[in-house]
Novice: 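Here you go, one structure.
Residue numbers count from 1 along this sequence. Keep in mind it's a predicted model, so treat the numbers as computed, not measured.
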Amino acid sequence: MQVKVTRKKIKNINLKVRPDFTVELSAPESASQEYIDSFLEKKKDWIKKQIQFFKDNLTNETEKKYISGESVKYLGKNYRLKVHKGKEKYVKFMRGYIHLYCLENSDLEDKKELLQNWLRERAKDKIMIIAKKYLDRLEEVPHIKFRDMKTRWGSCNSEKKRIIFNWKLIEKSSYGIEYVVVHELVHLKCNNHSKTFFKYVSVKLPDWEKRRESLYK
C-alpha cells in the first residue's frame, strides 16, 4: 500500500483515502518515521474499509440501469426497485419496495434523476430532523446545505457558521447519520480533530466510534 506522507506545521496526524484509492497522510514536522509507521499499522483495517467503500460506490454508480429488481441503498438497507411507466412521475417507498413511477418515454437519465432527487429530499428531511435535536442548544444556528460530495460525508466552516452535508448519507443508517451530524455541529465549537474535539463528540454520542464504523459497512 502506497501512502503519500507530507509533513506540515500541524499538531495532529491527518489521514485521508481518496476516491482514486490513494492514501494521503499529513504529519507534524516533528513526527518520526517510526511513529508514522505505527499509526498506519493501527489504521490498516480502516484504510481497507475506506478503499472498499469507494470501490463499491463506483461499481454501483456505473452499473445501475434503473430497472425493476435492482437494489437501492436507503437508510442502511437494500431495497428492491419497482419501475412503473405511465403518465405521472414520482417515487414512493411502500411495503419494503422503492416504487419509481416514470413516463412511458423515460430513459435511463430521466429515471436516475427522478430517483436521486427523491433521495436528496429524504436526506434533507432526515438530517434536519436529527440536527434539530442539537440545534436548540446552540447560541447561533448554522446555515445548512446539501451537496454531492465525492470524498466526505460533511464539512463545516466554523467562521461562516456553515455546514454542508453529503446527500448520499441517506444510504446509511440513522445510527451512522447521527454521528456525522453531531461531528459537524461540534466543529462549530472546535475546528479540528484534536482530543478535545472527540471529547465534545463523546458527550453527545458515547458510542461515536461504532457509529462512525457503521458508515463503512
Side-chain angles (χ1 to χ4, degrees), residues 16-24 47-132 142-157 160 162-181 183-184 211-212 214-217:
K16 290 182 180 179
V17 178
R18 300 292 185 185
D20 61 359
F21 317 139
T22 57
V23 183
E24 298 176 1
I47 292 171
K48 288 180 180 178
K49 287 179 180 178
Q50 288 278 67
I51 291 174
Q52 190 60 50
F53 167 76
F54 286 126
K55 285 181 177 178
D56 291 344
N57 273 358
L58 181 62
T59 301
N60 290 338
E61 190 67 24
T62 55
E63 291 184 357
K64 197 170 287 296
K65 296 179 180 178
Y66 300 93
I67 58 177
S68 292
E70 280 190 329
S71 180
V72 177
K73 198 76 175 287
Y74 178 60
L75 290 176
K77 295 181 179 180
N78 287 308
Y79 293 97
R80 292 295 179 188
L81 184 67
K82 282 193 174 184
V83 178
H84 311 268
K85 290 193 173 184
K87 296 181 179 180
E88 295 182 287
K89 54 180 187 176
Y90 61 94
V91 180
K92 188 174 184 178
F93 179 63
M94 182 175 63
R95 297 177 181 174
Y97 288 90
I98 293 177
H99 297 263
L100 191 152
Y101 293 83
C102 59
L103 304 180
E104 290 288 350
N105 60 348
S106 292
D107 59 16
L108 186 146
E109 286 302 316
D110 293 331
K111 291 184 282 185
K112 177 181 178 180
E113 182 180 7
L114 184 60
L115 179 60
Q116 289 195 348
N117 285 342
W118 181 80
L119 289 170
R120 282 192 187 94
E121 291 305 310
R122 301 290 76 70
K124 291 177 183 179
D125 293 344
K126 185 67 177 179
I127 289 171
M128 290 308 301
I129 287 172
I130 295 173
K132 284 176 182 178
H143 184 55
I144 296 176
K145 292 184 175 183
F146 301 85
R147 289 182 187 168
D148 185 348
M149 304 171 78
K150 300 299 181 184
T151 62
R152 307 170 127 192
W153 290 124
S155 66
C156 174
N157 186 319
K160 294 183 179 180
R162 183 179 65 203
I163 294 176
I164 299 173
F165 289 108
N166 187 340
W167 68 265
K168 288 188 177 180
L169 270 171
I170 198 62
E171 297 175 355
K172 304 302 173 180
S173 67
S174 299
Y175 185 70
I177 295 172
E178 187 165 12
Y179 162 72
V180 177
V181 174
H183 182 111
E184 299 306 333
R211 289 173 181 265
R212 183 174 65 181
S214 73
L215 294 168
Y216 303 102
K217 292 181 179 179

Novice: Evaluate the criterion side-chain contact (heavy atoms from CB on, under 4.5 Å) for residue pair W153 and M149; output intermediate values, then yes/no.
Specialist: CA-CA 7 Å; W153 290 124; M149 304 171 78; over 6 Å; no
Novice: Do the numbers put K82 on top of the ring of Y97, so that NZ or CZ is under 6.0 Å from the six-membered ring centre and no more than 45° off the axis?
Specialist: yes
Novice: Within the structure provided, determine whether K124 and E121 are in side-chain contact (heavy-atom separation under 4.5 Å).
Specialist: yes
Novice: Taking the side chain as C-beta and beyond, is there a heavy-atom pair between I170 and I127 under 4.5 Å?
Specialist: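 Counting from C-beta outward, I170 and I127 never come under 4.5 Å.
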Novice: Can you tell me if K112 uses its side chain to pair, donor with acceptor, with the backbone of D107 under 3.5 Å?
Specialist: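 Such a contact is absent between K112 side chain and D107 backbone.
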Novice: Please name the pair of heavy atoms, one in R211 and one in Y175, separated by the smallest distance, quoted to 0.1 Å.
Specialist: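 Nearest heavy atoms, R211 then Y175: NH1-O, 3.0 Å.
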Novice: So which heavy atom on A131 is nearest to which on V181, and how close?
Specialist: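 Looking at all heavy atoms of both residues, the shortest contact is CA-CG1, 3.8 Å.
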Novice: Could you report the tightest heavy-atom contact between L81 and L100, atom names first, then the distance?
Specialist: CD1-CB, 4.0 Å
Novice: How long is the straight-line distance from CG of L169 back to CZ of R152, given to the nearest 0.5 Å?
Specialist: 13.0 Å
Novice: I'd like to know whether NZ of K85 has more than 12 heavy-atom contacts from other residues, nucleotides or ligands below 6.0 angstrom.
Specialist: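 More than 12 within 6.0 Å, yes.
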Novice: Could you tell me whether the side chain of E24 and the main chain of R18 form a donor-acceptor pair under 3.5 Å?
Specialist: no
Novice: If I compare all heavy atoms of Y179 with all of L215, which pair ends up nearest, and what's the gap?
Specialist: CD2-CD1, 4.0 Å
Novice: Would you say the side chains of K172 and S214 form a donor-acceptor pair under 3.5 Å?
Specialist: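 No, S214 and K172 have no side-chain donor paired with an acceptor closer than 3.5 Å.
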Novice: Kindly say whether S71 contributes a backbone atom to a donor-acceptor pair with the side chain of N78 at under 3.5 angstrom?
Specialist: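 Judged by distance alone, no pair lies under 3.5 Å.
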Novice: Does a side-chain heavy-atom distance below 4.5 Å link I98 with L115?
Specialist: yes
Novice: Can you measure from CD (E88) to OH (Y101) and round to the nearest 0.5 angstrom?
Specialist: 9.5 Å
Novice: In terms of the angle between their ring planes, are Y74 and W118 parallel, tilted or perpendicular, with boundaries placed at 30° and 60°?
Specialist: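 Because their plane-to-plane angle lies in the 30° to 60° range, the rings of Y74 and W118 count as tilted.
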Novice: Could you tell me which non-hydrogen atom of C102 sits nearest to which non-hydrogen atom of V83, and how far apart they are?
Specialist: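 Taking C102 first and V83 second, the nearest heavy atoms are SG-CG1, 3.9 Å.
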Novice: Side chains of Y216 and Q50: closer than 4.5 Å at any heavy-atom pair?
Specialist: yes
Novice: Just how far is it from atom CE of M128 to atom CD1 of I144, taken to the nearest 0.5 Å?
Specialist: 4.0 Å
Novice: Would the distance check show the side chain of K111 and the main-chain N or O of Y66 forming a donor-acceptor pair, the cut-off being under 3.5 Å?
Specialist: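 Indeed, once roles are kept as given, a pair shorter than 3.5 Å links the two residues.
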Novice: side-chain contact (heavy atoms from CB on, under 4.5 Å) for E184 and F165? Distances and angles first, verdict last.
Specialist: CA-CA 9 Å; E184 299 306 333; F165 289 108; 3.8 Å; yes
Novice: Nearest 0.5 Å please: distance from the CD atom of E70 over to the NZ atom of K65.
Specialist: 8.0 Å
Novice: For N105 and D110, work out which heavy atoms get closest and say how close.
Specialist: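 Between these two residues, the closest heavy atoms are O-OD2, 4.3 Å.
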Novice: Carefully, step by step, assess R122 and D125 under the rule side-chain contact (heavy atoms from CB on, under 4.5 Å).
Specialist: CA-CA 5 Å; R122 301 290 76 70; D125 293 344; 3.2 Å; yes
Novice: Got a second to check how far R162's CZ is from S155's OG, nearest 0.5 Å?
Specialist: 7.5 Å
Novice: How far does NZ of K89 sit from CG of N117, to the nearest 0.5 angstrom?
Specialist: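 The NZ atom of K89 sits 9.0 Å away from the CG atom of N117.
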